[in-house]
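Notes to accompany the following structure.
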Amino acid sequence: MKLLFVWILNALALLAVAYFVPDIHVADFLTALIAALVIGLVNMLIKPILVILTLPITILTLGLFILVINGLLFYGVGHWLQGFDVRTLTAGIIGALLYSVLSWLLAALLIDDK
């Protein structure tokens, strides 16, 4: 039940990101649900591989390259899914950062961990 609630919160966070960032568009709530699921899967399956492959540049930039990786993945999902559009890499980086913050904030405020 908690997983379903977190999934819905992530979809709402994605809709909020689309509202605040002009180069990101989400067609409807169903598309936001699918996009939130795909973003979660991409972050779980592909992101660890990219982090390991780019470890030297991540160390040189003191971890800031992780923002670029997140933005690239967000941008990639936006081009892969129909109805979820991320037009620029900059919008992907800003959108990924804002999506992470909003998802964390919604989960922290609405989910009781006790």
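Keep in mind the model is a prediction, meaning the values are calculated, not measured.
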Is the backbone N or O of Ile57 less than 3.5 Å from a side-chain atom of Thr61, with the two atoms forming a donor-acceptor pair by type?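 Checking the backbone N and O of Ile57 against the side chain of Thr61, a donor-acceptor pair under 3.5 Å is found.
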Where is the tightest heavy-atom contact between [X] and [Y], given as atom of each residue plus distance?
X: Val86; Y: His79; answer: O-NE2, 3.4 Å
X: Ala36; Y: Leu14; answer: N-CD2, 4.0 Å
X: Leu15; Y: Val26; answer: CD2-CG1, 3.8 Å
X: Ala16; Y: Leu102; answer: CB-CD1, 3.7 Å
X: Asp23; Y: Ala91; answer: CB-CB, 3.5 Å

Side chains of [X] and [Y], heavy atoms from C-beta outward: is any pair under 4.5 Å?
X: Lys47; Y: Asn70; value: yes
X: Val51; Y: Ile69; value: yes
X: Trp7; Y: Leu9; value: no
X: Phe29; Y: Ile8; value: yes
X: Asp85; Y: Ile24; value: no

Cluster link [X] to [Y], ILVMFWY, side chain under 4.5 Å:
X: Leu30; Y: Val38; answer: yes
X: Met44; Y: Phe74; answer: yes
X: Leu50; Y: Leu55; answer: no
X: Leu45; Y: Trp80; answer: yes
X: Leu72; Y: Leu64; answer: no

Check whether more than 12 heavy atoms from other residues, nucleotides or ligands sit under 6.0 Å from atom OH of Tyr19, and answer yes or no.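 Result for OH/Tyr19: open.
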Take Tyr99 and Phe20 through the ring-ring contact (aromatic ring centres under 6.0 Å, His included) test and state the conclusion after the steps. CA-CA 10 Å; Tyr99 176 69; Phe20 288 118; over 10 Å; no
Out of curiosity, [X] [atom1] to [Y] [atom2], how far, rounded to the nearest 0.5 Å?
X: Ile39; Y: Asn43; atom1: CD1; atom2: CG; value: 7.5 Å
X: Ile94; Y: Leu89; atom1: CD1; atom2: CG; value: 10.0 Å
X: Asp28; Y: Ile34; atom1: CG; atom2: CD1; value: 8.0 Å

